[in-house]
There are 2 protein chains.
Amino acid sequence: MFELLIKSIQEKVPSTEEELHLCKTYFTPKRLRRKQFLLQEGDVCNRMAFVEKGALYSYTTDAKGGQRVMQFAFEGFWISDLYSFFTREESKLNIEALEDCELLLLDHEQHDYLLKNVRQYETYIRILYQNAYVALQQRLEVTIGLTAEEKYSHLVDQYSTIVNRVPQHLIASYLGITPETLSRIRKQIASR
Amino acid sequence: MFELLIKSIQEKVPSTEEELHLCKTYFTPKRLRRKQFLLQEGDVCNRMAFVEKGALYSYTTDAKGGQRVMQFAFEGFWISDLYSFFTREESKLNIEALEDCELLLLDHEQHDYLLKNVRQYETYIRILYQNAYVALQQRLEVTIGLTAEEKYSHLVDQYSTIVNRVPQHLIASYLGITPETLSRIRKQIASR
DNA sequence: GATGAATCTTGACATATATCAAGAAAAAAT
DNA sequence: ATTTTTTCTTGATATATGTCAAGATTCATC
């Protein structure tokens, strides 16, 4: 149950077996069925989730009731609404399971405790943010700079997991285009 | 020269006068004239810059030679190409002074040293990333989710500093629209 | 394996935004 | 102050992408 988390920590902050073993005590395992929610808009996000198995995605709902996909998370990734998690304000995000999931949850209190008392945890989190920030910056570049087709090609090249495991209309939303446009782009690419 | 930096640290990580005073020894002050570069694409980004005075912006250059503005930085902000800074790969970003600047530079070695040896510095950086990540996520929401006019209005509401101190064509690029479109939007807003 | 739900495709048409071009206005440099 | 450079505006036109609607597939569940 903790294999991937331990691997993720080990990669970033070399630690002893004991230390790694200890960290287990702070996390709560949780199973989630496809279509179940980890977070619903209006609630305060009180935890971060590490994905041991399965897939989830987060999205906002716009004025006309449409989804705007913000993030996908697969095995080995974290997902949460960090804005709500830190500010303690109501979240505007929904986090929903795309597939049946096995998660490890860390709640706000435990996160704070670990930050204060376990130096390695703070280092781990710092590196996590560092990577997340850089990845988000690249996504922004792609989103602003490329045409719909280029965005999709980039996704296929760089994040084939997403393309393989996620329904097309959610990919379209993630790229900021309509499902119809994505369908046409795929047709065009296929015909070459 | 160090007022804003010390304020920024103090806000996030309460420290004694001595500790704060000590941190000065790691930074190198640098002046930059309007239009001068802090970083040019092709170089490896070897430092992070804290802005004590003035304004800078970072941008990429696309295939047709057009600028794509990624970030603006004013007094109290940090600017760098974190991707290049961490990976030690060549940067695709340019960082240019919009106004004459007074900067405090921290190079890669010193950053590493401080992370390892000064717990408070790691905490400061962690909080910095945390905030930067959340801000970037919000920018992405705005960029994907809103029309050109809504994006501009949001900028006027939330980041009036940018609107006041930055030429319009750079704002357009930052929003991912053309200068012509921005000009028309402003005209329309003004006529109401 | 049948039934209903979710997802994807395709066409016709609408629209927001881009592009190109040229002149006006403002700002910087001499 | 004058000149040069940069920035902003406006019009005409082009284009990528969105919207609406309907049928075709595919997938999930009993």
Side-chain angles (χ1 to χ4, degrees), chain A residues 32-36 54-55 57 59 62-69 72 94 96-101 142-156 162-191, chain B residues 32-36 54-55 57 59 62-69 72 94 96-101 142-156 162-191:
Chain A
L32 215 60
R33 281 290 170 86
R34 193 178 121 81
K35 303 230 171 183
Q36 283 187 314
Y57 73 116
Y59 63 92
D62 66 22
K64 289 163 207 136
Q67 289 184 333
R68 300 229 94 92
V69 175
F72 296 110
N94 300 280
E96 189 180 330
L98 269 172
E99 307 170 2
D100 295 351
C101 290
V142 166
T143 303
I144 292 187
L146 304 185
T147 64
E149 178 174 341
E150 289 166 336
K151 282 191 255 191
Y152 180 69
S153 299
H154 179 265
L155 195 72
V156 171
I162 295 181
V163 179
N164 294 324
R165 284 171 70 175
V166 174
Q168 237 171 263
H169 68 284
L170 294 183
I171 293 175
S173 167
Y174 180 76
L175 295 177
I177 63 181
T178 60
E180 293 94 331
T181 297
L182 180 53
S183 174
R184 290 179 180 115
I185 285 169
R186 282 167 49 88
K187 190 184 176 188
Q188 239 200 317
I189 290 176
S191 77
Chain B
L32 216 60
R33 281 291 171 85
R34 193 178 121 81
K35 304 232 169 182
Q36 283 187 315
Y57 73 116
Y59 63 91
D62 66 22
K64 290 165 206 134
Q67 288 184 333
R68 301 227 94 92
V69 175
F72 295 110
N94 300 280
E96 189 180 330
L98 270 170
E99 307 169 2
D100 295 351
C101 290
V142 167
T143 303
I144 292 187
L146 304 185
T147 64
E149 178 174 339
E150 289 167 337
K151 283 190 256 190
Y152 180 69
S153 298
H154 179 265
L155 195 73
V156 171
I162 295 181
V163 179
N164 294 324
R165 283 172 71 175
V166 174
Q168 237 170 263
H169 68 283
L170 294 183
I171 293 175
S173 167
Y174 180 76
L175 295 176
I177 62 181
T178 59
E180 292 94 331
T181 297
L182 180 55
S183 174
R184 289 180 180 116
I185 284 170
R186 283 168 48 88
K187 190 183 174 186
Q188 240 201 317
I189 290 175
S191 76

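Keep in mind that the numbers below use all heavy atoms, side chains included, and drop hydrogens, waters and symmetry copies. So that the names make sense, note that chain A is the first sequence line, chain B the second, and so on, each numbered from 1.
Scanning both residues, B:A97 and B:L32, for their nearest heavy atoms gives CB-CD2, 4.0 Å. Taking each heavy atom of B:R34 and B:L98 in turn, the nearest pair found is CG-O, 3.4 Å. For the pair B:I144 and A:S173, the tightest heavy-atom approach, listed with the atom from each and the gap, is CG2-O, 4.5 Å. Taking every heavy atom of both residues into account, A:I162 and A:I171 meet most closely at O-CD1, 3.9 Å. Here the closest heavy-atom approach between residue B:L146 and residue B:K151 is recorded as O-CE, 3.5 Å.
Atom OH of residue B:Y152 and atom CG of residue B:L182 lie 6.0 Å apart, to the nearest 0.5 angstrom. Between the OG atom in A:S183 and the CD atom in A:E180 there is a gap of 8.0 Å [rounded to 0.5 Å]. For the atom pair NE2 of A:H154 and OG1 of A:T143, the computed distance is 9.5 Å after rounding to the nearest 0.5 Å.
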Quiz item: Is there a side-chain contact (heavy atoms from CB on, under 4.5 Å) between B:L170 and B:Q67 once you walk through the steps?
Solution: CA-CA 8 Å; B:L170 294 183; B:Q67 288 184 333; 3.2 Å; yes

Exercise. Just do the side-chain contact (heavy atoms from CB on, under 4.5 Å) check on A:I177 and A:I185 with the steps written out, would you?
Key: CA-CA 11 Å; A:I177 63 181; A:I185 285 169; 4.3 Å; yes

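Rounded to a whole Å, the CG atom of A:D100 is 11 Å from the P atom of D:dA28. The separation between A:E96 atom CD and C:dA6 atom P is 11 Å, rounded to whole Å. Taking atom CD of residue B:Q188 and atom P of nucleotide D:dT10, one finds them 12 Å apart after rounding to whole Å. To the nearest angstrom, P of C:dA18 lies 10 Å from CG of B:L175. Rounded to whole Å, the distance from CG on B:L182 to C1' on D:dT10 is 14 Å.
Taking the C1' atoms of five terminal pairs at each end of the helix from C:dG1-D:dC30 to C:dT30-D:dA1, the two resulting helix axes are inclined by 70°, rounded to 10°.
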Polar atom pairs between nucleotides 15-17 of chain C and protein, under 3.5 Å, N or O only, would you list them?
unit_1	atom_1	unit_2	atom_2	d
C:dT17	OP1	B:A148	N	2.9

Could you list the protein-to-nucleotides 3-8 of chain D atom pairs, N/O on both sides, closer than 3.5 Å?
unit_1	atom_1	unit_2	atom_2	d
D:dC8	OP1	B:Q168	N	2.7
D:dC8	OP2	B:Q168	N	3.0
D:dC8	OP2	B:H169	N	2.8
D:dC8	OP2	B:H169	ND1	3.2

Please write out each protein N/O paired with an N/O of nucleotides 20-23 of chain D under 3.5 Å, distance rounded to 0.1 Å.
unit_1	atom_1	unit_2	atom_2	d
D:dC20	N4	A:E180	OE2	3.2

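In this structure, the ring pair (Phe, Tyr, Trp, His ring centres under 6.0 Å) partners of A:F72, at least two apart in sequence or on a different chain, are A:Y174. In terms of the side chain to side chain contact (heavy atoms under 4.5 Å, CB included) criterion, residue partners of B:T147 (sequence neighbours excluded) are, by chain and number, B:E149, B:E150.
For the side chain to side chain donor-acceptor pair (under 3.5 Å) criterion with A:E99, the lone passing option out of A:R165, A:K35, A:R33 is A:R165.
Taking side-chain N and O atoms only, B:K187 has no distance below 4.0 Å to OP1 or OP2 of D:dT9.
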